[in-house]
Amino acid sequence: MTPKRTAFIAEYLICRNASEAARRAGYSAKRADAIGYDLLRNTEIRAAVDARLQEVAEKAGLSVELVRASLVRELNFDPAKAFNADGSLKQIHEMDP
């Protein structure tokens with residue numbers, strides 16, 4: 001793997017934008033869109049990106065189930081439950097988890 005490709009992977013993991021990552025890695029700004037697209041289609045680079053994303057997710061303790069459960073909680077959140085009948089904000093220990 002070339003130094004530019006390694007830099008692209010590192011930059012892509014930061015910004016998640018292939019064009020921007022290509023520019024930051026030192027590729028031509030004029031062709032960054034095409035280069036970024038092509039680099040992500042490269043199986044070696046894609047595998048490296050996917051492996052690193054998996055490492056980050058595991059380190060953070062993330063899983064598909066955890067993310068889904070979190071989204072369901074957020075979708076079902078009712079802001080009205082954070083307030084008392086008189087409109088005042090409840091204390092933290094009075095709020096639903």
Side-chain angles (χ1 to χ4, degrees):
M1 176 116 24
T2 68
K4 270 190 179 179
R5 287 181 172 196
T6 302
F8 171 81
I9 293 166
E11 293 296 340
Y12 182 77
L13 291 168
I14 293 168
C15 69
R16 303 285 176 91
N17 180 300
S19 301
E20 182 64 22
R23 277 190 285 280
R24 290 180 184 180
Y27 287 95
S28 166
K30 289 182 180 180
R31 297 205 55 245
D33 292 344
I35 292 169
Y37 175 78
D38 289 343
L39 288 170
L40 279 183
R41 291 187 65 209
N42 177 290
T43 55
E44 183 182 16
I45 292 173
R46 186 78 241 180
V49 167
D50 290 344
R52 184 66 182 116
L53 289 173
Q54 181 66 33
E55 288 174 22
V56 169
E58 288 173 4
K59 194 172 187 179
L62 294 176
S63 66
V64 172
E65 294 80 18
L66 180 64
V67 172
R68 284 183 182 153
S70 178
L71 288 172
V72 167
R73 233 182 356 266
E74 289 180 32
L75 289 170
N76 291 322
F77 173 70
D78 181 4
K81 291 183 178 183
F83 295 91
N84 294 309
D86 66 359
S88 62
L89 187 62
K90 289 182 179 179
Q91 296 291 317
I92 288 288
H93 67 275
E94 297 173 322
M95 293 184 190
D96 290 340

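If you read the sequence from its start, that first residue is 1, and numbering goes on from there. Quick note: numbers below take in every heavy atom, side chains included, and nothing from hydrogens, waters or symmetry partners.
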Problem set entry | Linked, directly or transitively: Val49 and Tyr37 (ILVMFWY side chains, under 4.5 Å) | no
Problem set entry | Worked verdict on Arg46 versus Leu39 for side-chain contact (heavy atoms from CB on, under 4.5 Å) | CA-CA 8 Å; Arg46 186 78 241 180; Leu39 288 170; over 6 Å; no
For this session: Before giving the answer on salt bridge (Lys or Arg N to Asp or Glu O under 4.0 Å), spell out for Glu65 and Arg68 the whole-Å C-alpha distance, their side-chain angles and the decisive distance to 0.1 Å.
Result: CA-CA 5 Å; Glu65 294 80 18; Arg68 284 183 182 153; 5.6 Å; no
Exercise. Of the options Arg5, Lys4, Arg16, Arg24, which is the one that meets Glu11 in a salt bridge (charged side-chain N to carboxylate O under 4.0 Å, His left out)?
Worked result: Arg24
Problem set entry | Pairs meeting criterion salt bridge (charged side-chain N to carboxylate O under 4.0 Å, His left out) with involvement of residues 84-95, two or more places apart | none
For this session: Write down the atom of Ala82, the atom of Leu89, and the distance for their closest heavy-atom approach.
Result: O-CD1, 3.3 Å
Exercise. Atom CG of Asp38 and atom CG of Asp33: how far apart are they, to the nearest 0.5 Å?
Worked result: 11.0 Å
Problem set entry | Closest approach of Ala22 to Phe8 (non-hydrogen atoms, all atoms of both residues) | N-CD1, 3.6 Å
Exercise. Quick one: do Arg52 and Glu55 make a salt bridge, cutoff under 4.0 Å?
Worked result: yes
For this session: Just do the side-chain contact (heavy atoms from CB on, under 4.5 Å) check on Gln91 and Asn84 with the steps written out, would you?
Result: CA-CA 9 Å; Gln91 296 291 317; Asn84 294 309; over 6 Å; no
Exercise. Are Met1 and Leu53 connected in the hydrophobic side-chain network, where two residues link if heavy atoms are under 4.5 Å apart?
Worked result: yes
Exercise. Where do Ala48 and Ile9 come nearest, in terms of heavy atoms and distance?
Worked result: CB-CD1, 3.7 Å
Seminar exercise, completed: CZ of Arg31 to OG of Ser19, rounded to nearest 0.5 Å, is 11.5 Å
For this session: Find the distance between OG (Ser28) and NZ (Lys30) and round it off to the nearest 0.5 Å.
Result: 7.0 Å
Problem set entry | Nearest atoms (heavy-atom pairs only) where Leu40 meets Ala18 | CD1-CB, 3.6 Å
Exercise. How long is the gap from CG on Leu71 to CG on Leu66, to the nearest 0.5 Å?
Worked result: 9.5 Å
Exercise. Passes side-chain contact (heavy atoms from CB on, under 4.5 Å), Ser70 versus Val67? Steps please.
Worked result: CA-CA 5 Å; Ser70 178; Val67 172; 5.6 Å; no
Exercise. Are Leu13 and Ile35 joined in one hydrophobic group, where the rule is that I, L, V, M, F, W and Y side chains link up if heavy atoms are under 4.5 Å apart?
Worked result: yes
Enumerate donor-acceptor pairs with a distance under 3.5 Å from any side-chain N or O in residues 72-81 to protein atoms, sequence neighbours excluded.
from: Asn76; atom 1: ND2; to: Val72; atom 2: O; distance (Å): 3.1
from: Asp78; atom 1: OD1; to: Ala80; atom 2: N; distance (Å): 3.1

